[in-house]
Number of protein chains: 2
Amino acid sequence: MKGYLWTGGDPGSQKTVAPPENGRLAPWEAIAVEAVGNVIEFWGFKRNQGRVWGLLYLRGEPLTAGEIERELDLSKGGVSMLLRDLEHWGVVQRVRVPQDTVWRYAAETDLVRMVTHVVEEREAAFVTRIRADLAEARRLAEGAGGVQAEKLRRLERMAVLADHVERALRLFIKTSRLDVGGVLGAFRDGALSRGKAER
Amino acid sequence: MKGYLWTGGDPGSQKTVAPPENGRLAPWEAIAVEAVGNVIEFWGFKRNQGRVWGLLYLRGEPLTAGEIERELDLSKGGVSMLLRDLEHWGVVQRVRVPQDTVWRYAAETDLVRMVTHVVEEREAAFVTRIRADLAEARRLAEGAGGVQAEKLRRLERMAVLADHVERALRLFIKTSRLDVGGVLGAFRDGALSRGKAER
DNA sequence: CATATAGTTCAAGACCGCGTGAACTGCACC
DNA sequence: GGTGCAGTTCACGCGGTCTTGAACTATATG
């Protein structure tokens, strides 16, 4: 638990001892936000990145960093960094409301695009590296005498296997993008105001 | 008894010393083993599980726990647990050589099958959970009055999105299995002709 | 210019998973 | 029965990651 945060600041003016933290978050919101957090974590990102995006997405309207901090019970610094990441990936947008001075943040709809994109990059770099390693191993093995042909064959098999895993991955990413992307596209069109676009 | 043996094949005058450890692993073997370790880690397993499997696969012949321990510089307990996992997943087989009393371990070729299988399970349970959560959230949201229709729609969109991610995943797993599996099948024919002596 | 509030950065610490090593079990052989 | 080794289990500690909290910068306001 987070215990009693904010004891440090907040001199008297704020009488509301208030059931701290996420009291503001409706139960159903909490569940949904948590779900997004889980999904995003599953894909190798930080859980809280997902929670932040989820909140922004559910609310629909841009929130300030302070609001996010309160709703999700995160630290100021943490929110700042999380938002930086999300913004950097293009799944959250920083917007300025006309006469107000603070930044607000809004969710883009293409979370999935971000996931596939980042995963793709990650995986591409990774597979390249593995391939290089296996090639290197093979070179060395051939160089050093006395390695049985049998073993060389095994090495080679490994490399082929890596190639195929790679192909499968690429295929996955592509289909996933098409499939999910298509649906999201449908949303994007009229979705925000119009009902669910079905396909 | 063999006094101090640790030599798989020949008993005899090899008694001495223990040259400190992983010196035994040829450089090219080390690289390949490491590569497998990385791959397997990438898929959410333990790096050392991959290293063990990789070693067994490269060597072709069954090794004892002690040998693995030495080659990969792991602890006795660690090797035991790693082997248990691998065996449990069916990617390593425990074999008994006729006259000898110790267990030996041999790599099955279908590492990929294991990965897809476990990933599939993991993911299935996970997706189910997410779905349930979103459904629950929706129920709550509908129950509690005063939730804007707009927000309900967002929730629903999330669920649809989850469905599609799921479909993409299933598709991926299927293709991956077909693709890689096919290749492996080809291997299996001519390649391991003698590796599977014991069964 | 002084002050307050929004936002950023980073060192310190909480947290968590993995592997280690030691204690333990079981088995084979003397 | 006793000895020695293979194999298992588990509490602890190390290492890496994420979050916090405080110091710091930037920007608006009187």
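Naming: A, B, ... by sequence-line order, numbering from 1 per chain. Just the heavy atoms: all of them, side chains too, but no hydrogens, waters or symmetry mates, feed the values below.
- Side-chain nitrogen and oxygen atoms of B:R94 include none within less than 4.0 Å of the OP1 or OP2 phosphate oxygen of D:dG7.
- Salt bridge absent: B:R70 and B:E67 never bring a charged side-chain N and a carboxylate O closer than 4.0 Å.
- Annotation for B:R129: atom CZ does not count as buried by contact number, only 12 or fewer foreign heavy atoms lying within 6.0 Å.
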The test is salt bridge (Lys or Arg N to Asp or Glu O under 4.0 Å); show your working for A:R104 and A:E61 and say whether it passes. CA-CA 9 Å; A:R104 287 169 185 276; A:E61 55 191 18; over 6 Å; no
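- Between B:N48 and C:dC18 there is no side-chain polar atom (N or O) within less than 4.0 angstrom of OP1 or OP2.
- Between A:R47 and A:N38, the shortest heavy-atom contact is NH1-OD1, 2.8 Å.
- Atom CD in B:E41 sits roughly 12 Å away from atom C1' in C:dG17 (whole-Å rounding).
- Interface residues of residues 75-83 of chain A facing DNA chain C, ordered by number: A:K76, A:G77, A:S80, A:M81; criterion, heavy-atom separation under 4.0 Å.
- The distance from atom CG of A:L74 to atom C1' of C:dG7 is 16 Å, rounded to the nearest whole Å.
- Put simply, A:R84 has a side-chain N or O that comes within less than 4.0 Å of OP1 or OP2 on C:dT9.
- Side-chain contact check for B:F45 versus B:D85: every heavy-atom pair is 4.5 Å or farther apart.
- In this structure, CG of A:L63 is placed 16 Å from C1' of C:dG7, rounded to the nearest angstrom.
- Heavy atoms only, all atoms of each residue included: A:A159 and A:L134 are closest at CA-CD1, 3.6 Å.
- C:dC27 atom C1' lies 12 Å from atom CH2 of B:W103, rounded to whole Å.
- To the nearest angstrom, C1' of C:dC18 lies 15 Å from CG of B:D73.
- The interatomic distance linking A:Y105 (OH) with C:dA6 (P) rounds to 12 Å, in whole Å.
- Residues B:V127 and A:F42 fail the side-chain proximity criterion, which asks for heavy atoms closer than 4.5 Å.
- Residue B:I68 contributes atom CD1, which lies 10 Å from atom P of D:dG7 at whole-angstrom precision.
- For the pair B:K46 NZ and D:dG15 P, the interatomic distance rounds to 18 Å; values are reported in whole Å.
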